[in-house]
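What follows is a single structure, written as structure tokens, with notes after it.
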Amino acid sequence: MHNAESQYSEPAVEDQSDMNTDMSDAPSYLSGLNPPQRDAVETVDGPLLVLAGAGTGKTRVLTTRLAHILVTAQAWPSQILTVTFTNKAAQEMKDRVRRLLGEMSQENGGDGQPPSVDGWWLGTFHALGARMLRKHADLVGLNSNFTIIDTDDQVRLIKQLMEDAQIDTRKWAPKAMAGKISEWKDKVRLPSDLTPRDAGEMANGQLVTIYRQYQERLKILNACDFGDLLLHVITILRDPKNAHILAEYQNRFKYILVDEYQDTNTAQYMWLRLLARAGDRDADGNSLSNICCVGDDDQSIYGWRGAEVGNILRFEKDFPGAKIIRLEQNYRSTGHILAAASSVIANNQDRMGKTLWSDHADGEKILVRGLWDGEAEARWVGEEIEQLQHKGWDLNRIAVLVRAGFQTREFEERFIQLGVPYRVIGGPRFYERMEIRDALAYLRVVAQPADDLALERIINTPKRGIGNSTVKTLYTFARSKGISLYDSILTLCDSDELRPKVRSTLTALTNDFERWRSLLDTAEQTELASMILEDSGYIQMWQADKSPEAPGRLENLRELITGLSAFETLPEFLEHVSLVLETQDTQQTDLVTIMTLHGAKGLEFDAVFLPGWEEGLFPSQRTMDENGLKGLEEERRLAYVGITRARQRSYVSFAANRRMYGKWINAVPSRFVDELPEDHISATTDPGLYGPGRSSHWDSSGLAAAARTQERSRERKVMSSDGEVFGVKDRVFHDKFGYGTIIHIDGHKLDINFDHTGKKRVMDSFVTKA
DNA sequence: CGATAGTTGCTTTTT
DNA sequence: GCAACTATCG
């Protein structure tokens with residue numbers, strides 16, 4: 001390595017025409033980059049924002065920049081903080097940079113071996129936050145081997161606290177309360193920053209108290225939720241008492257790289273600002289902040305998770321002297337696709353503005369199709385895919401991108417019928433599967449007896465006759481004595497409090513745990529894990545299970561144990577599982593990919609199907625209700641992301657009828673369909689649906705605003721005027737076309753639907769067997 | 001305590 | 001339409 005920082009820190013290129021001739025003395029890894037890309041790689045001093053549109057080679061720039069810093073600035077990997085949006089992205093970046101460095105070493109006469117990147121600070125915000133927090137856990141009252149609890153545990157804990165506080169958990173869903181607390185955490189709002197008024201009506205206005213208790217309980221459990229991983233670190237770093245720790249990190253990280261900056265939330269932003277020494281300058285007035293953020297405000301799609309587009313819009317203010325480089329040449333999509341996407345996104349008011357261009361050919365127009373119902377849509381997509389197949393396309397080149405997870409089902413069913421191989425990305429992650437969570441709970445209790453949530457999870461799995469009331473007794477005792485659930489078992493088993501049968505069961509269980517724990521330091525990890533799962537009867541439980549999923553679950557458990565072998569210690573493995581582990585990696589087999597639009601971020605395919613473009617579904621009604629214009633614009637960005645995933649072909653479709661909650665609803669084509677420019681699409685619609693061609697022929701006046709909320713009436717008995725009960729009302733619902741009710745009479749269901757014309761005119765009614 | 005029958009709410013999107 | 005939850009009874 002040589003230090004050639006000065007050689008590269010000045011933009012080497014004055015104008016574009018020089019670019020291609022000026023390659024002779026530049027390192028070869030810079031060749032093939034266009035001028036702004038190269039500029040983005042070489043600007044290593046001071047803050048830099050790379051506004052990179054879809055398909056402009058953002059990943060390549062980041063990778064090359066990383067390699068460039070390593071080579072020219074003589075920085076060690078451990079001095080570069082690199083934040084990616086997903087673990088997969090981190091892994092890919094690691095592989096790419098190592099490959100690039102290997103190539104460079106070969107060119108320089110080295111052995112071409114990819115260098116080791118041990119100690120590299122590369123990963124998601126969560127993973128990096130956890131790594132920091134382990135080192136300083138004591139400063140926030142935690143032990144460095146704290147467990148990371150997932151959303152499920154979080155909700156259970158909050159539910160417990162709410163029940164203790166006598167809050168009706170049916171009126172105030174613990175899940176929603178947990179969501180609100182997470183939202184506060186994402187905004188770096190500690191319980192002490194809040195007043196009861198911030199909770200409003202929520203949990204009878206006691207949510208702030210619940211939040212405080214929740215944090216206290218987590219400390220007792222020696223646990224963190226996802227939000228805490230950053231929140232605690234921020235608390236530590238901004239405490240003046242810990243200035244030396246902050247300084248240590250600031251000095252260590254000479255360079256900071258952040259991908260997908262548009263999707264950072266407030267906590268992530270604050271964490272970055274602290275580490276990136278925003279505004280710090282040396283004696284000569286040069287910025288000390290070598291932070292480089294890459295993002296695209298048009299692709300900000302995580303507002304619902306607390307992401308602030310404002311972070312990217314404010315970059316220059318936050319990091320004075322920041323340079324902004326725009327990458328606008330799109331290398332991915334053909335002309336029609338790019339033009340259509342640009343045209344859709346141009347409807348958004350709130351954007352920095354970029355003009356993407358491409359020297360690709362126009363290619364095919366976007367195929368827009370209106371169909372009768374969801375089933376017909378799936379059939380059509382299937383047919384189009386088969387046509388592509390006949391043209392010799394690999395299925396790997398094709399993706400179906402849906403708005404919401406439940407939409408995948410219709411396509412799966414159709415693809416199974418057709419024999420089109422597919423894979424669904426998303427769904428439950430490996431570690432979210434029941435059997436994995438159970439197995440991990442066992443391991444957690446072994447590693448950390450005080451992990452009440454884990455113990456509660458498996459105390460009766462497999463069934464051992466420990467029911468709710470026993471657990472409640474244990475908890476009551478634990479609370480009153482201020483001890484853990486585990487310790488309360490030990491204490492109560494020495495007394496006469498519990499029934500003999502329960503007592504002997506629990507004694508046997510704790511004896512098992514003591515035995516496993518005693519082997520923790522001596523036994524081999526994988527052997528211990530299989531021993532635990534065998535001895536506890538957990539494996540046997542699934543072996544005895546005759547359900548079709550059981551074999552798969554056993555397979556997953558085996559996989560878990562295999563995965564364990566790669567780790568030195570159990571706690572290390574537990575962290576890996578909760579933060580990093582991905583569902584099995586993409587196999588090489590030839591499959592059509594089905595996934596959500598969110599999941600498709602950063603990916604590209606030759607052909608992309610975009611079904612379900614209907615008002616209410618996409619844009620999602622809920623988003624629009626909750627966030628108004630802001631929500632709509634985010635939905636539109638999602639549409640933009642969807643279209644721009646396609647390299648060659650893009651298909652948009654919508655259905656006039658769709659089944660939701662097992663009921664048929666009519667749907668109006670999405671406004672985004674109307675925003676697709678005529679010149680770049682080719683539209684056809686099933687006869688009789690919306691008139692010839694475009695959706696604008698559909699008269700939707702008055703429909704869009706109509707309510708779609710379901711309501712439940714209080715009185716359930718359906719009576720005639722003289723008081724005779726002749727049926728039971730199941731539910732009353734309202735949708736944009738009217739309202740209706742289902743009444744149960746003599747084992748039959750009677751559906752009655754009315755419309756909104758003022759007079760209660762029956763549109764239709766039908767009887768089915770209940 | 002556990003099985004079962006009855007009831008409710010869910011469908012955004014994810015680290 | 002269905003999974004997940006609650007209430008009730010043996």
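Excluded from the calculations below are hydrogen atoms, water molecules and symmetry mates; all remaining heavy atoms, backbone and side chain alike, are included. This structure is a prediction, so every number in the text was calculated from the model and none was measured. Here is the naming used below: chain letters follow the sequence lines, and residue numbers restart at 1 for every chain.
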Worksheet, complete the sentence: Against the side chain of A/T596, the closest entry in B/dC1, B/dA3, B/dT14 is B/dT14
Worksheet entry | Between B/dT15 (C1') and A/D153 (CG): distance, integer Å | 16 Å
Worksheet item: What is the distance, rounded to the nearest whole Å, between atom CD of A/Q621 and atom P of B/dT13?
Response: 16 Å
Worksheet item: Between A/N311 and A/T264, do the side chains contain an N or O donor and an N or O acceptor separated by less than 3.5 Å?
Response: yes
Item to complete: Scan A/K175 against the nucleic acid and name what it touches under 4.0 Å (heavy atoms): base, sugar-phosphate only, or nothing.
Response: sugar-phosphate
Discussion item. Taking donor-acceptor contacts at under 3.5 Å, does the side chain of A/R403 reach the base of B/dT13?
Written reply: yes
Worksheet item: Per the side chain to side chain contact (heavy atoms under 4.5 Å, CB included) rule, which among A/T505, A/L474, A/T470 passes with A/I459?
Response: A/L474
Worksheet item: NA contact type, A/T623, heavy-atom cut-off 4.0 Å: base, sugar-phosphate, or nothing?
Response: base
Worksheet item: Phosphate oxygens OP1/OP2 of B/dT14: is one of them under 4.0 Å from a side-chain N or O of A/T86?
Response: no
Item to complete: Nearest whole angstrom, please: distance from the P of C/dC2 to the CZ of A/R409.
Response: 6 Å
Worksheet item: Nearest-Å distance, CG (A/D186) to P (B/dT14)?
Response: 16 Å
Item to complete: Measure across A/P611 and A/Q407 and return the closest heavy-atom pair with its distance rounded to 0.1 Å.
Response: O-NE2, 4.1 Å
Worksheet, complete the sentence: Judged by nearest nucleotide, the residue sitting upstream toward the 5' end of DNA chain B, A/E635 or A/V471, is A/V471
Worksheet item: In this structure, which one of A/L610, A/V608, A/T593, A/V381 forms a side chain to side chain contact (heavy atoms under 4.5 Å, CB included) with A/V400?
Response: A/V381
Item to complete: May I ask you to verify if any side-chain N or O of A/R659 is less than 4.0 angstrom from the OP1 or OP2 atom of C/dG1?
Response: yes
Item to complete: Just call it for A/F226: base, sugar-phosphate, or nothing, with non-hydrogen atoms closer than 4.0 Å on any strand.
Response: nothing
Worksheet item: Among B/dT15, B/dC1, B/dT11, which nucleotide sits nearest the side chain of A/F406?
Response: B/dT11
Fill in: Spacing of A/Q407 atom CD relative to B/dT13 atom P, expressed in whole Å
9 Å
Response to the item:
Quick note, A/H598 side chain, CB onward, closest among B/dT13, B/dT11, B/dG2 is B/dT13
Discussion item. Please report the distance, rounded to the nearest Å, between CD1 in A/I459 and C1' in B/dC1.
Written reply: 14 Å
Discussion item. Rounding to an integer number of angstrom, what distance separates B/dT13 and C/dA4 when you compare their P atoms?
Written reply: 15 Å
Worksheet item: How is A/Y302 classified with respect to the nucleic acid when contacts are heavy atoms under 4.0 Å: base, sugar-phosphate, or nothing?
Response: sugar-phosphate
Fill in: Inter-residue atom distance A/D228.CG - A/H126.NE2, 0.5 Å rounding
9.5 Å
Response to the item:
Picking from B/dT13, B/dC1, B/dT15, the nucleotide nearest the side-chain atoms of A/W304 would be B/dT13
Fill in: A/N265 CG - B/dT13 C1' separation (whole Å)
15 Å
Worksheet item: Using the ring of each side chain (for Trp, its six-membered ring), is A/W304 parallel, tilted or perpendicular to A/Y302, with breaks at 30° and 60°?
Response: tilted
Fill in: Nearest to side-chain heavy atoms of A/K463, which nucleotide of B/dT13, B/dC1, B/dG2
B/dG2
Worksheet item: Hey, does A/F125 reach any base, or is it just sugar-phosphate, or nothing, if we go heavy atoms under 4.0 Å?
Response: nothing
Worksheet entry | Between B/dC10 (C1') and A/L617 (CG): distance, integer Å | 15 Å
